Structure formats: C-alpha cells, structure tokens
Q: 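Got a structure for you, questions after.
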Amino acid sequence: MQPDRSPALRVADRVRDAVTAGRPVLALESTILTHGLPSPRNLEVGLATEALVREAGVEPATIGVIGGTAVVGLDEAEIERLCSADGVVKASTRDLPVARAAGLDAGTTVAATAWLAHRAGIRVFSTGGLGGVHRGASDTFDESTDLPALAATPIVVVSAGVKSILDVGATLERLETLGITVLGHRTDRFPGFYVADSGFPVPARVESAAEAAEVARARDELGLAPAVLVANPVAETDQLDPDVHTRVLAEALAAADAAGVTGHDTTPFLLDFVQRATDGRSLEANLAVYRGNARLGAEIARELAR
C-alpha cells in the first residue's frame, strides 16, 4: 500500500521513502507522551524509543496532530511541541475532524494511530496497552473506540494486552466477535498490562516475530480486514507484584465509585490512583511495557519487509 496524499495527512519524507522502498517502518502513538507521562520524562521517552527502533534497523514513525494536520513521522521539534505545549488534546478517530477543523495539536490514541499508520502504508504499530470494554459496560455501554477501529484496520498491533483496569474477559469476547486475531508472544496467557498474566488464556501462540509476520501475511492473503493483535507480556522482573496489583486495583475501583467518577474520566482517574498508590512503580512497569513492545514491533516490521 502506498502512502495516502490527502491534504489532511502529512507523511514525513523519510517515512514515505521507506514505505515506498519496502523498508521496515514502525508506527508509534503519541498519547503516551501527551497524556501518559509527566514533562520532561515524556520527551525523553519519545526520543529514546525512536532511537531504540532506529538501532534495530527500522524507521520510527511517531504519529500525532500538529495544528490540525495529522502527521505520520513527527520530527524532533514536533515531538517536543506535543510534549510541552499547553492545550494539547487527546484524539481518537472521532476527534480527528474536530482537531482538523479547529487547528488543534493532539496526541493520537491507539484507534487514531492505527488508522493513520495504515493510510500511510505502515504495517506494524507498537503501543503500551489497548483500550477495551470497561467494567460495568453492560449498563453503560462504555467501550473503547480502539476495538472497532482495529476491526476495520489491517495492521499488526503489538501491545501488552489491555489495561488491567478494564474488563479483560469482556474485552477478549469483543475481540473475538470483531474478528481480531489475538496471538500470545511466547505465552499462553493474555497479558494484563502491568502484570504478565491477566488470568485469561490467549487463543493462539507464536514463538517469534517471524511467526507473527507469517500470520499477518496469511491474513492479507485471505483478504481479511481486522488487525492482528500480538499480546506481548511485560517481563516478570519488570511487572508490578501481582498481589499488590490486585489490592491497588480494588482500592482504585472503590475510590472511583465513591467519588462518582464515570465515563471518559474513569481511565485517567484509575491510572493516576494506581501510580500514586504504588509510588510510581506502575509508571516504571508501563515504560518497560512500551520499550518491550517497541523492540518486538521493530522485529515484526523487519520480518514483514523481507
């Protein structure tokens, strides 16, 4: 697939050249920088992750919105702008038209990043954890746009499962319903973001980046539209202690209920609670997840470019 040339989408020359030449490219999201990490740690992580991907022989393409234009392959100044400017919003696919019309700066979510990466001809995208079905969704119908977006976007997504604050079992059911292939990377257990095992199994397992790439090729040969999700667990040495995780998560959910927190405010409330309750250990686990997924995503991009 060749990069899209819409005026609403700018693909960096280095990324366009790599895609056109068939060289490996890895998409990276920007909401971890704009809304997931404090400054200046966010800029350090953004630039270090791009360097890690380049060292693996892969072209990094961090994606975001600058002045209303979706950019695939932010340069260093643009990454710094998103990490430090006031008024940077969080944009999923539904928000991209608003950001475009209003000329906003935005970090792009999994849904928006995957869609923009696909339009630019990029085949692999690494993130931390997916959004999914929220607890209590049978009453609220609260489900992340990430899921339907991936159901319509033929890309490979590497993540550490879904955020453990969500209803993991219901999310796996929705992934099945939406036809999204789920692969455990060297594991039979679905990861839980901060922890290596969410308590649920994965439907299929691969042992290497090469095997994951073969599944993606088979998906393309069959003409199927949904993404392939590669669930890559955080290393056990880097995960939150599972007992601590269980206790803190229960406390966070109880605190959200007591405070009457609902809707789109729930996820940031819970993540902030977990970070404070673990004295920042959840943040370090998050960064270990992101680095590991970037490494694996680069390996899969290389395999697909062979």
Side-chain angles (χ1 to χ4, degrees), residues 1-12 15 19 25-36 61-74 78 82 87-134 137 140-159 161-163 166 170-171 174-175 177-182 219 224-229 263-268 293 297:
M1 179 177 175
Q2 294 299 306
D4 196 308
R5 292 186 179 274
S6 164
L9 174 63
R10 170 163 57 85
V11 181
V15 174
V19 169
V25 181
L26 179 67
L28 300 167
E29 65 160 303
S30 50
T31 50
I32 187 174
L33 308 180
T34 60
H35 291 79
T62 302
I63 295 176
V65 179
I66 300 292
T69 299
V71 181
V72 178
L74 296 165
E78 290 168 332
L82 289 183
V88 178
V89 301
K90 184 177 181 179
S92 187
T93 45
R94 72 164 190 174
D95 308 304
L96 291 175
V98 176
R100 171 71 174 164
L104 302 176
D105 291 348
T108 50
T109 65
V110 168
T113 303
W115 173 241
L116 293 169
H118 174 62
R119 288 193 63 187
I122 299 172
R123 303 172 72 185
V124 188
F125 161 40
S126 286
T127 184
L130 292 185
V133 178
H134 285 254
T140 64
F141 295 93
D142 192 353
E143 176 184 315
S144 171
T145 311
D146 294 352
L147 302 186
L150 294 184
T153 309
I155 195 167
V156 176
V157 179
V158 181
S159 85
V162 298
K163 296 178 178 68
L166 302 173
T171 300
R174 285 292 287 151
L175 289 167
T177 299
L178 293 168
I180 297 168
T181 299
V182 179
R219 182 267 320 271
L224 296 171
V228 171
L229 172 61
H264 69 273
D265 295 324
T266 303
T267 294
N293 291 345

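In this chain, residues are counted from 1 in sequence order. Bear in mind that the values here come from a model prediction, so they are computed numbers and not experimental data.
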Q: Sorted by first residue and then second, give each salt bridge (Lys or Arg N to Asp or Glu O under 4.0 Å) pair with at least one member in residues 87-110; sequence neighbours left out.
A: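 Checked against salt bridge (Lys or Arg N to Asp or Glu O under 4.0 Å) - neighbours excluded - the pairs reaching residues 87-110 are R81-D105.
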Q: Between R123 (side chain) and V156 (backbone), is there a donor-acceptor pair under 3.5 Å?
A: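 Looks like no, no N/O pair under 3.5 Å.
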Q: Please report the closest heavy-atom contact between A227 and I180, naming both atoms and the distance.
A: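 That would be O-CG2, 3.5 Å.
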Q: Which pair of heavy atoms, one from A152 and one from P154, lies closest together, and at what distance?
A: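 Heavy atoms of A152 and P154 come nearest at O-CD, 3.8 Å.
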Q: State, to 0.1 Å, how close E29 and T62 come at their nearest heavy-atom pair, and which atoms those are.
A: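 The answer is O-CG2, 4.0 Å.
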Q: Take I122 and L26 through the test side chain to side chain contact (heavy atoms under 4.5 Å, CB included) and record every step on the way to the result.
A: CA-CA 7 Å; I122 299 172; L26 179 67; over 6 Å; no
Q: Between T181 and R219, is a side chain to side chain contact (heavy atoms under 4.5 Å, CB included) present by the stated rule, with each step listed?
A: CA-CA 9 Å; T181 299; R219 182 267 320 271; 5.5 Å; no
Q: V157 and side-chain contact (heavy atoms from CB on, under 4.5 Å): which single residue from T113, V228, L130 fits?
A: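 Exactly one candidate clears the test, L130.
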Q: Rounded to the nearest 0.5 Å, what separates atom CG in L96 from atom CG in L116?
A: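 The CG atom of L96 sits 5.5 Å away from the CG atom of L116.
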Q: Check whether any side-chain N or O of S126 sits under 3.5 Å from a backbone N or O of V158 as a donor-acceptor pair, and report yes or no.
A: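 Checked: no pair found.
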Q: Could you go through the side chain to side chain contact (heavy atoms under 4.5 Å, CB included) check for L147 and V133 one step at a time?
A: CA-CA 9 Å; L147 302 186; V133 178; 4.2 Å; yes
Q: To check you understand the geometry: which heavy-atom pair defines the closest contact between G64 and S30, and what is its length?
A: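 Nearest heavy atoms, G64 then S30: CA-OG, 3.6 Å.
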Q: Is a donor on one side and an acceptor on the other found under 3.5 Å between the side chain of T108 and the backbone of A91?
A: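 No, because the side chain of T108 does not come within donor-acceptor range (under 3.5 Å) of the backbone of A91.
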Q: According to side chain to side chain donor-acceptor pair (under 3.5 Å), who are the partners of T34, at least two apart in sequence or on a separate chain?
A: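 Result, side chain to side chain donor-acceptor pair (under 3.5 Å) vs T34: none returned.
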Q: Taking all atoms of both residues into account, what is the closest heavy-atom pair of W115 and T93, and its distance?
A: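 Looks like CB-CG2, 4.3 Å.
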Q: Is E78 close to V71 at the side-chain level, that is, under 4.5 Å between some pair of heavy atoms?
A: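 Yes, close enough: below the 4.5 Å cut-off.
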Q: So L74 and L82, side chain to side chain contact (heavy atoms under 4.5 Å, CB included) or not? Walk me through it.
A: CA-CA 10 Å; L74 296 165; L82 289 183; 3.7 Å; yes
Q: How about S159 and T127: does a side-chain donor come under 3.5 Å of a side-chain acceptor?
A: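 S159 vs T127: no donor-acceptor pair found between side chains.
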Q: Examine distances only and state if a side-chain atom of D146 and a backbone atom of G131 form a donor-acceptor pair shorter than 3.5 Å.
A: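 Checked: pair present.
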Q: So which heavy atom on I63 is nearest to which on A27, and how close?
A: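 Distance-wise, the nearest heavy atoms are CD1-CB, 4.0 Å.
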Q: Can you find a heavy atom in the side chain of T109 that is under 4.5 Å from one in the side chain of T145?
A: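 Side chain of T109 against side chain of T145, heavy atoms only: no contact under 4.5 Å found.
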